[in-house]
Amino acid sequence: MNDSSGRGVRSPRRRGRLDGPPATRWFTDEDVSREELAGIFEVARWTGSARNRQPWRLHTVRDAGLRAELSRRGDYALHLRGAPVVVLLALDRRWADAEFDGGRVAQVIMTAARAVGLGSCPATFFPEGNVERVTALAGFTEPWSVRTAIALGRPAVAPEGTSAVPTGRLPLERIWSGE
């Protein structure tokens, strides 16, 4: 039996710290220390990449005005405004596989954050004009480009109401085929 909410049937082995909601969109005002960020980024810097190029650079934003600006640069980016820190992920666009490597390092950042009790949620910037603006705000130039942000902070209770973002998980049978 499957439960698309993600809270029903579990795999035979518990996933420990990986169980629970995959994204946090509401945060407390409590600061995320430089030491906490350094620990997360130390884990992330060991993420594998094609030919070990490590085609990513990280830029953090704490300023409330800049976080508000970032929150207006994507349709589902409003949570960036409320996070104490936003990590901007710049990728070297000279490489076709940089997007895949960027996804890997983003997931490692979010998993490492969860391991130290922080919540996280990614956001994507679009259209291209927004990508260019965010890239410039972070101080990057060609060939670097910022299309992804990760909100980090201590999870807060979500307000009552219906989310505009779909919830739950697809059943395993919908995402897995083959032998």
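Note: hydrogens, waters and symmetry copies are ignored here, and every other heavy atom, side chains too, is used.
- Here OG1 of Thr47 is found 7.0 Å from CD1 of Ile109. Values are rounded to the nearest 0.5 Å.
- Under the 4.5 Å side-chain heavy-atom criterion for ILVMFWY residues, no single connected hydrophobic cluster contains both Leu89 and Trp144.
- Of all the heavy atoms in Pro143 and Asp92, the pair that sits closest is CG-OD1, 3.4 Å.
- The minimum heavy-atom distance linking Leu70 with Phe125 is given by the pair O-CE2, 3.5 Å.
- Note: the hydrophobic cluster containing Ile150 does not contain Val131 (ILVMFWY, side chain heavy atoms under 4.5 Å, direct or indirect links).
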Derivation and outcome, side chain to side chain contact (heavy atoms under 4.5 Å, CB included), residues Arg53 and Trp95: CA-CA 9 Å; Arg53 279 195 305 255; Trp95 308 103; 3.2 Å; yes

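- How far CD of Glu35 is from CD of Glu42: 14.0 Å, rounded to the nearest 0.5 Å.
- Here the closest non-hydrogen pair linking Cys121 and Ala23 is SG-CB, 3.8 Å.
- Among all heavy-atom pairs drawn from Thr135 and Val146, the shortest one is OG1-N, 2.8 Å.
- Under a 3.5 Å cut-off, the side chain of Thr28 and the backbone N or O of Glu30 do form a donor-acceptor pair.
- Closest non-hydrogen pair, Ala98 versus Leu91, comes out as O-CD1, 3.6 Å.
- Between the side chain of Arg67 and the main chain of Val86, no donor-acceptor pair closer than 3.5 Å is present.
- At a threshold of 4.5 Å between side-chain heavy atoms, the hydrophobic network of Ile, Leu, Val, Met, Phe, Trp and Tyr places Tyr76 and Leu78 in two separate groups.
- Val87 and Val134 are assigned to two separate hydrophobic clusters, defined by single-linkage of ILVMFWY side chains at heavy-atom distances under 4.5 Å.
- Glu132 places no side-chain N or O within 3.5 Å of a backbone atom of Gly129 that could act as its donor or acceptor partner.
- Rounded to the nearest 0.5 angstrom, Phe126 CZ and Arg73 CZ are separated by 12.5 Å.
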Compile the donor-acceptor pairs under 3.5 Å between side chains in residues 54-64 and protein atoms, sequence neighbours left out, one pair per line.
{"unit_1": "Gln54", "atom_1": "NE2", "unit_2": "Asn52", "atom_2": "OD1", "d": "3.2"}
{"unit_1": "Arg57", "atom_1": "NH1", "unit_2": "Gln54", "atom_2": "O", "d": "3.1"}
{"unit_1": "Arg62", "atom_1": "NH1", "unit_2": "Asp31", "atom_2": "OD1", "d": "2.8"}
{"unit_1": "Arg62", "atom_1": "NH1", "unit_2": "Val32", "atom_2": "O", "d": "2.8"}
{"unit_1": "Arg62", "atom_1": "NH2", "unit_2": "Val32", "atom_2": "O", "d": "2.9"}
{"unit_1": "Asp63", "atom_1": "OD2", "unit_2": "Gly65", "atom_2": "N", "d": "3.1"}
{"unit_1": "Asp63", "atom_1": "OD2", "unit_2": "Leu66", "atom_2": "N", "d": "2.8"}

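- Between the OG atom of Ser120 and the CZ atom of Phe27 there is a distance of 7.0 Å, given to the nearest 0.5 Å.
- In this view, Phe100 and Arg104 satisfy the side-chain contact (heavy atoms from CB on, under 4.5 Å) rule, not counting sequence neighbours.
- With rounding to the nearest 0.5 angstrom, the CG atom of Leu137 is 4.0 Å from the CZ atom of Arg133.
- Ion pairing between a basic and an acidic side chain is recognised when a charged N comes within 4.0 Å of a carboxylate O; Asp29 and Arg154 show no such pairing.
- Contact of the Leu88 side chain with the Thr148 side chain is not registered, since no non-hydrogen atoms from C-beta on lie closer than 4.5 Å.
- Between Ala44 and Val105, the shortest heavy-atom distance links the atoms O-CG2, 3.7 Å.
- For Arg147 and Glu128, the salt-bridge test passes: some basic side-chain N is under 4.0 Å from an acidic carboxylate O.
- Distance alone, capped at 3.5 Å, places no donor-acceptor pair between the Thr111 side chain and the Val108 backbone.
- Cluster membership for Leu37 and Val116, using ILVMFWY side-chain heavy atoms within less than 4.5 angstrom, is shared.
- Atom CZ of Arg114 and atom CG of Leu152 lie 12.5 Å apart (nearest 0.5 Å).
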